[in-house]
Amino acid sequence: MDAYVDTARVESERGDSKTTNANRIGQASVTLRNVNAVIVDPRLMLLTFGGTLGLAQGRTKTTVDGSTTEQDRDTDLSSYDVATSILPANNTFSADLFTNRSRFLERRELAGVTEFDLRNSGVGFSAMRLPLPSTLNFRQESNKSKTVTGPVVSATDERRDIITYEGRRGWENGVATLQMLAVDKSDKIRPELDFESRQGNLSTSIDFARGLNNRWDQKIALLSREGFSAEDRLDVDELVQIQHGERLRTQYIYRLFDSDRDTGDVTRKTGSFALFHQLYESLSTQAGLDVIDETFDTGDRKIARATLDLGYTKRLPRAGLLNAGLLLGHSREDDDFDEAFVSQELHVVGPPGTTITLDNPNVITSSIVVSLNTSAPSAPVGSGCTRPTSVPIALQEGIDYTLQTLGNQIEIVPIRNCNAGNDGMVENDTIAVDYRFTRGGVPVSFTTDQIRFDVSVDYGWIRPFYSHEQRNQDLVEGTDDSFLTDQNRDILGVGLQFQRSRWGVGLVVGAERFDSTNQKYDELRATQSFTYLVKRGMTLNVSGNQSFKDFSSPESRQQDVVSVRAALDFVPRPNLLANFFLNARDFKDSLSSDERITELGAQVNWRLGKLVVNPRLKFVKVRRGSTDSQEVRLFVGISRALF
């Protein structure tokens, strides 16, 4: 049995305009569940079932410049979950059936609330005595939601029909796997995102010769997708790894990628050779050769690349450790195309305030398509925010990100957005970008030389470090070198760490100088952490991050980011946990709007036998440009196990 009351109030001011959103929700529910009930015999059938009877009542009140509107709503939160296993202990054949429905509320920023209605039904079959032991699953997913934030309402209503198959056979020195996936997605709110996808993968891995220390991996993947982001794709991967001795191994790779899309066709063939050697514990060596041949519907590109990567480690007196690395690289690229298409270029989202630069210059901005491929479930997000659980998700310019031009480069600026049903992009998310870029249709050849050197000395309590990275590009053939970029990056810093029985402190301070054809800046950054055991059951944690970046090219610009987090965990007794926290972040940019966010809160978890009381209080104050808003949210939850 669960019950809670949640009250939120937000006041926003922009110039002479003032808006107040107030939201109050009360919810009560009772859940009953049984696990693995026996039907006749446990070897014949097991049944798991459960259900929730719940009701939420809420009132939303919005006042804009003295004009008030109110809305009352009742939400049925009844849910169920039924699953059946037939012949669960049978090694020859078994089946599983399930159906469930989950209806719940999520509290969001700006006194908002999202109502979710999720349904899943399916059946699965397993046959383990076939020549290829197999599993086959049919599943239908329905996802409906409605987000209300003051007068703004957004909704989702989509369904996915999914069929999956996997067959896997292993033997003494290898394994083979066959996988197939069919997905039909329909979106009633945004039908332009509908698609049908069919894909299959066949992979094998074989160990051979010399005590089975050598390996041969093969993978063939086919994809056919119609509708949104339509594509026909073929992927072939071949990898052979040979262990020549205890300290030496080589690796040989061939990859074929062929993609046919409305926005452009591309065929990529890649051949790679790599050598790995370990000399005692001190010196590791990796050398590589890569050849890439790409064919577009408007021309072709060829790349030849060689790299040498050395890593050196040496023990120093008094338990010190010296680490040094050197990377040398040289490549030549021959381009002969007017426009080229890039498919699924992957990038990882950095901390707040950082941007993402696309790999190629001269990008056609109207061709850019961004999707969220992997979300970061543990990423820190704002009050009431949730992370997307089903990817990939098409992201929208102006809502999830913006684009800015820097010389001949395009940068993606992530936006975190809770009000459109997702959080846009947060740190550690992986995004995939499709786009087209130009070379002017004139044959061009250029070389790229790269060098990277880094060194650090680690004594545990102190770690000074330095790194230098340099890239130079030179035109070999052609007349237009505007797309070539040279860059230099130097980073110097020191890390300090002290740990005692009751307290610990850490500090990392660094300075970076970056100079390239399109951009130049100096940056100072620091990270601090402090942990203190106040007394038994009470711990204080404080951390901070600062970054001060001064741009001098392409135009003068100052960008400062300062954040701090403090948390006090108090456990006076085993059944009582209290947490008090403060989060503050200040972002200033001389060319864009400033942002300041402050969060204060406390939460308690108190267990009294089968009764759990969970009150939470949070205050959030946000200033973005000329808009000020503050939110007060009080949540009191009570739950009790009936049996």
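The model shown is predicted, which means the values in this text are computed figures rather than measured ones. Every heavy atom of this structure was used, including side-chain atoms; hydrogens, water molecules and symmetry mates were not.
A salt bridge is defined here as a Lys NZ or Arg NE, NH1 or NH2 lying under 4.0 Å from an Asp or Glu carboxylate O, and Lys302 with Glu333 fails to meet this definition. With respect to the salt-bridge test (charged N to carboxylate O, under 4.0 angstrom), the residues Arg261 and Asp434 qualify. Using a cutoff of 4.0 Å between basic side-chain nitrogens and carboxylate oxygens, Glu166 and Arg168 are not scored as salt-bridged. Using a cutoff of 4.0 Å between basic side-chain nitrogens and carboxylate oxygens, Asp76 and Arg103 are scored as salt-bridged. Electrostatic pairing of Asp293 and Lys269 does not count as a salt bridge here, judged by no charged N lying under 4.0 Å from a carboxylate O.
A donor-acceptor pair shorter than 3.5 Å can be found between the side chains of Ser134 and Tyr165. No side-chain donor from either of Trp216 and Asn214 sits under 3.5 Å from a side-chain acceptor of the other. The closest side-chain donor-acceptor pair between Ser272 and Asp290 falls under 3.5 angstrom. In this structure, a donor-acceptor pair under 3.5 Å is absent between the side chains of Thr52 and Ser29.
Inter-residue side-chain proximity for Phe98 and Arg139 is flagged as met; some heavy-atom pair is nearer than 4.5 Å. The shortest distance between side-chain heavy atoms of Ile412 and Leu403 falls below 4.5 Å. The side-chain heavy atoms of Asp96 and Val123, taken from C-beta on, include no pair separated by under 4.5 Å. Counting heavy atoms from C-beta on, the side chains of Thr365 and Tyr435 never come closer than 4.5 Å. Side-chain contact between Asp232 and Arg225: absent, with no pair of heavy atoms (C-beta onward) separated by less than 4.5 Å. Annotation: side chain of Glu158 is in contact with side chain of Lys185 (closest heavy-atom distance under 4.5 Å). Inter-residue side-chain proximity for Thr448 and His330 is flagged as unmet; no heavy-atom pair is nearer than 4.5 Å. Between Met45 and Thr84 the shortest side-chain heavy-atom distance falls below 4.5 Å.
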Apply side-chain contact (heavy atoms from CB on, under 4.5 Å) to the pair Gln140 and Asn120, showing each step before the final yes or no.
-> CA-CA 6 Å; Gln140 185 179 88; Asn120 295 278; over 6 Å; no
Derivation of the salt bridge (Lys or Arg N to Asp or Glu O under 4.0 Å) call for Asp217 and Arg215 = CA-CA 7 Å; Asp217 293 341; Arg215 194 173 87 246; 2.8 Å; yes
Begin with the C-alpha distance, continue with both residues' side-chain angles, and end with the deciding distance and a verdict on side chain to side chain donor-acceptor pair (under 3.5 Å) for Thr438 and Asn362.
-> CA-CA 6 Å; Thr438 65; Asn362 303 323; 4.6 Å; no
Please assess Ser78 against Tyr80 for the test side chain to side chain donor-acceptor pair (under 3.5 Å), listing each intermediate value before the final yes or no.
-> CA-CA 7 Å; Ser78 299; Tyr80 58 82; over 6 Å; no
Show your working on side-chain contact (heavy atoms from CB on, under 4.5 Å) between Ser343 and Glu231 and close with a plain yes or no.
-> CA-CA 10 Å; Ser343 175; Glu231 179 181 15; 4.0 Å; yes
Check step by step if side-chain contact (heavy atoms from CB on, under 4.5 Å) holds for Phe296 and Asp265.
-> CA-CA 6 Å; Phe296 311 101; Asp265 303 338; over 6 Å; no
Could you please spell out the steps behind the side-chain contact (heavy atoms from CB on, under 4.5 Å) verdict for Gln241 and Arg249?
-> CA-CA 7 Å; Gln241 181 173 286; Arg249 64 184 172 92; 3.2 Å; yes
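Around CZ of Arg332, the count of heavy atoms belonging to other residues, nucleotides or ligands within 6.0 Å exceeds 12. Residue Asn34 qualifies as enclosed at atom CG: its count of foreign heavy atoms under 6.0 Å is above 12. At most 12 heavy atoms of other shown residues, nucleotides or ligands fall within 6.0 angstrom of atom CD in Glu226.
In this structure Glu294 satisfies the side chain to side chain donor-acceptor pair (under 3.5 Å) test together with Arg268, Arg301, sequence neighbours excluded. A search for ring-ring contact (aromatic ring centres under 6.0 Å, His included) contacts involving Phe93 returns nothing, not counting sequence neighbours. Not counting sequence neighbours, the partners of Arg101 by the salt bridge (Lys or Arg N to Asp or Glu O under 4.0 Å) test are Asp117. By the ring-ring contact (aromatic ring centres under 6.0 Å, His included) test, Phe104 is found to be paired with Phe116, residues two or more places apart in sequence or in another chain being considered. A search for salt bridge (Lys or Arg N to Asp or Glu O under 4.0 Å) contacts involving Asp359 returns nothing, not counting sequence neighbours. Among residues two or more places apart in sequence or in another chain, the side-chain contact (heavy atoms from CB on, under 4.5 Å) test is passed with Arg190 by Asp187, Glu192, Leu193, Gln396.
Two rings, from Phe437 and Phe337, have their centers less than 6.0 Å apart.
Distance OG/Ser121 to CG/Asn100: 7.0 Å, rounded to 0.5 Å. Tyr254 contributes atom OH, which lies 10.5 Å from atom CG of Asp237 (distance to the nearest 0.5 angstrom). Atom OG of residue Ser284 and atom CD of residue Gln278 lie 5.0 Å apart, to the nearest 0.5 angstrom. To the nearest 0.5 Å, atoms CG (Leu283) and CG (Leu310) are separated by 6.0 Å. The CD atom of Gln344 sits 11.0 Å away from the CD1 atom of Ile431 when rounded to the nearest 0.5 Å. Considering OG of Ser126 and CG of Leu87, their distance stands at 11.0 Å, rounded to 0.5 Å.
Geometrically, Arg436 does not engage Phe341 in a cation-pi contact defined by less than 6.0 Å to the ring centre and at most 45° from the axis.
Checked by atom type and distance alone, the side chain of Gln243 pairs as donor or acceptor with a backbone atom of Gly245 at under 3.5 Å.
Put simply, the residue from Asn201, Leu234, Asp235 that forms a side chain to side chain contact (heavy atoms under 4.5 Å, CB included) with Ile220 is Leu234.
When all heavy atoms of Pro131 and Arg169 are compared, the pair lying nearest together is O-NH2, 2.6 Å. Closest of all the heavy-atom pairs between Glu115 and Leu105 is CG-CD2, 3.4 Å. Heavy-atom minimum distance, Thr204 versus Ala176: CG2-CB, 3.9 Å. The shortest heavy-atom contact between Asn137 and Gly124 is OD1-CA, 3.2 Å. Looking at every heavy atom in both residues, Gln409 comes nearest to Asn360 through NE2-O, 4.0 Å. Of all heavy-atom pairs spanning Pro414 and Ile356, the tightest one is CG-CD1, 4.5 Å.
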